[in-house]
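Working notes, beginning with the structure itself.
Hydrogens, waters and symmetry mates are skipped; everything else that's a heavy atom, side chains included, is used. We count ligands from 1, going down the list as the structure has it; atoms in each ligand are counted the same way.
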Amino acid sequence: TCGICVEKCPFDAIEIINLPQELNEDPVHRYGDNAFALYGLPVPEPGKVTGILGPNGIGKSTAVKALAGEITPNLGIYDEDPNWDAVLDRFRGTELQNYINKLIADDITVARKPQYVDQIPKQFSGNTRELLEHTDERGVLDELIDRLNIRPVMDQDIDSISGGELQRVAIAACLARDADFYFLDEITPYLDIGQRMTAARLIQELAADEESDRSMLVVEHDLAILDLLADTLHVAYGEPGAFGVITPPKSVRNGINEYLKGYLTNENMRIRQEAITFEEHAPRESFTGQPLVEYPSLSKSYGEGEFSLDVEGGLIYESEVLGIVGPNGIGKSTLAKLFTGALEPDEGSVDFELDISYKPQYIEIDQPMRVDAFLSTITDEFGSSYWNTEVANPLQLNRIMEQNLTDLSGGERQRVAIAACLSQDADLYLLDEPSAHLDVEQRVQATTAIRRYAENHDATVMVIDHDIYMIDLLADRLMVFDGEPAHHGHATPPQGMRDGMNEFLADLDITFRRDERTGRPRINKPESQKDQSQKRSGEYYYSV
Ligand code: ADP
Ligand code: ADP
Ligand code: MG
């Protein structure tokens, strides 16, 4: 047990070595008897971007509701009427005192970007223009529309635009408001790296606006973007659904490093058994594997004047993990469909006899069936201790086995789909954007599961993703897409990580340095000395 429950842990909790000090105190809020309890609150700071790093279900939305004044924290006493004076007493002398004073004086307005943008079309009918026109409280909407590249979909119905477009519209709608406190619950889902950087920059600019005292709070699971975006960071940990602890603010660098290490120094708290480590040097380009398949150059166009894709022929090895990177709308999913045979190329032919197990980008598993029933139709191994260790446990499926596929959240559906993909017998596993909807801890575990699976099965895996940390941890080699999104795409043959990253990042004009302590990649400030010298030497990623 983790020390919180006296008897056997009802949550299958990972081993928490010592009881967090915060848990000896009363929580900030508890929903009821034996219900979720939140310890600690994030501190919004005027002029700053505050980040929160941690899993879903840990109380982030609860904390924001408190900071927005929508719920009055009950300090753990859920059977009496809560009041703000008690809360103020509790936080007197802390960094939150000023904020709470203002909140009590009814002085704080809040703008919010919801986590699941997919839900927006269910709540709003009309086109993009109609959705945005009521939000323009600062008179900056036109600029936001241009910088987020929303103009092409202004007259399109909200229920017909893509996930990435919806995400950008939702970010614009939030940032256009005139508020004191902005809360953005994940900005990166469905966005490519260039779009993620743009969104991050807009948030920073709004915080830095000298004529106002706005504070920004951002939850983000893409660590490279979080690192770039936030000024200070709260790590959140605990047991999703049971309790959550939000640490006092840390420096962003330390917060992420401690998170990756799995140990929070000030809190003296182990949050994971194993550290996550990065390779500072590109892996050697020698492969012990045999060639799996050599494919010819391919081309495909969706019709006269529509998107066209050219793929250079190449060689894929057995038991390698091939990362696939490139902007949105450049043909990555189209290539996946050419490989699986769902699409026929116009030139070249895909005649390899490979069994391919494919996880598409947009997952449609909506049969009225339980998760366990569904997965047992896919593999005879279902429920074996081997399958549990390799697939079910790292993907945290145990808690959702009895749920219906139709009731799953985005992240739950993603984990079931990854499990289904890996559970098939195949020569090649192709995963299109497995990080989407996963929180940071689930990304780490999914990465480990995919990597281990490839190693133990001599399986070849192709992974399309925009999360650089995930690609770094997963891939042996890279396939890079470039071109002009929505018009024309071009795919290189698989190449080594160093060459692939250089080609990909040169296109984006981004360089990475290494964190001195952990070796993790960090995006350089544009025009900084490191940025300039790395660009001169052509080393965009493996700079040492
Ligand atoms: P996060 O934003 O980190 O995903 P939330 O703050 O939304 O987490 O939820 C944390 C936990 O609190 C969840 O287990 C959720 O089911 C529970 N919870 C949220 N709202 C209520 C409520 N009104 N009553 C009881 N439990 C709730
Ligand atoms: P990516 O996966 O890199 O985001 P896709 O391969 O999904 O890109 O799409 C590339 C381009 O082709 C996009 O502009 C998309 O709108 C277009 N496209 C995709 N499928 C079709 C289709 N069936 N008919 C016409 N255009 C399509
Ligand atoms: Mg795609």
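Closest to atom 14 (O) of ligand 1 among all protein heavy atoms lies Gly241 CA, 3.1 Å. For atom 8 (O) of ligand 1, the closest non-hydrogen atom of the protein is Gly59 N, 3.1 Å. Looking at atom 7 (O) of ligand 1, its nearest protein heavy atom turns out to be Ser61 CB, 3.5 Å. Scanning the protein heavy atoms around atom 4 (O) of ligand 1, the nearest turns out to be Gly57 N, 2.6 Å. Closest to atom 18 (N) of ligand 1, if we only count protein heavy atoms, is Tyr31 CE1, 3.3 Å.
Residue Lys60 places at least one N or O, backbone or side chain, under 3.5 Å from an N or O of ligand 1. Considering backbone and side-chain N/O atoms, Asn56 never comes within less than 3.5 Å of an N/O atom of ligand 1.
Residue contact check: Ile58 has heavy atoms under 4.0 Å from atoms 1 (P), 3 (O), 8 (O) of ligand 1. Atoms of ligand 1 lying under 4.0 Å from at least one heavy atom of Thr62, given by number and element, are 5 (P), 6 (O), 9 (O). Under a 4.0 Å criterion applied to the non-hydrogen atoms of Glu306, ligand 2 contributes the atoms 25 (C), 26 (N).
Expressed to the nearest 0.5 Å, how far NE2 of His234 lies from OG1 of Thr50 amounts to 5.5 Å.
With Asp432 as reference, Ser333 is the one residue of Pro360, Ser333, Cys421 to meet the side-chain contact (heavy atoms from CB on, under 4.5 Å) rule. The side-chain contact (heavy atoms from CB on, under 4.5 Å) test with Tyr99 singles out one residue from Val43, Asp180, Leu67, Leu41, and that residue is Leu67. Just one residue in the list Leu191, Ile187, Val218 forms a side-chain contact (heavy atoms from CB on, under 4.5 Å) with Ile225, and that residue is Ile187.
With Tyr259 as the aromatic partner, Arg272 meets the cation-pi criteria of under 6.0 angstrom to the ring centre and within 45 degrees of the ring axis.
For Lys250, the salt bridge (Lys or Arg N to Asp or Glu O under 4.0 Å) partners two or more places apart in sequence, or in a different chain, are Glu258, Glu267. Partners of Ala506 according to the side chain to side chain contact (heavy atoms under 4.5 Å, CB included) rule, which considers only residues two or more places apart in sequence or in another chain, are Tyr540.
Classified by interplanar angle (parallel below 30°, tilted 30° to 60°, perpendicular above 60°), the ring pair Phe339/Phe352 is perpendicular.
Judged by the shortest distance from any of its heavy atoms, Pro327 lies inside the 4.0 Å radius around the atoms of ligand 2.
Remark: atom 16 (O) of ligand 1 lies closer than 4.0 Å to no protein heavy atom. Within the 4.0 angstrom cut-off, atom 22 (C) of ligand 1 has one or more protein heavy-atom neighbours.
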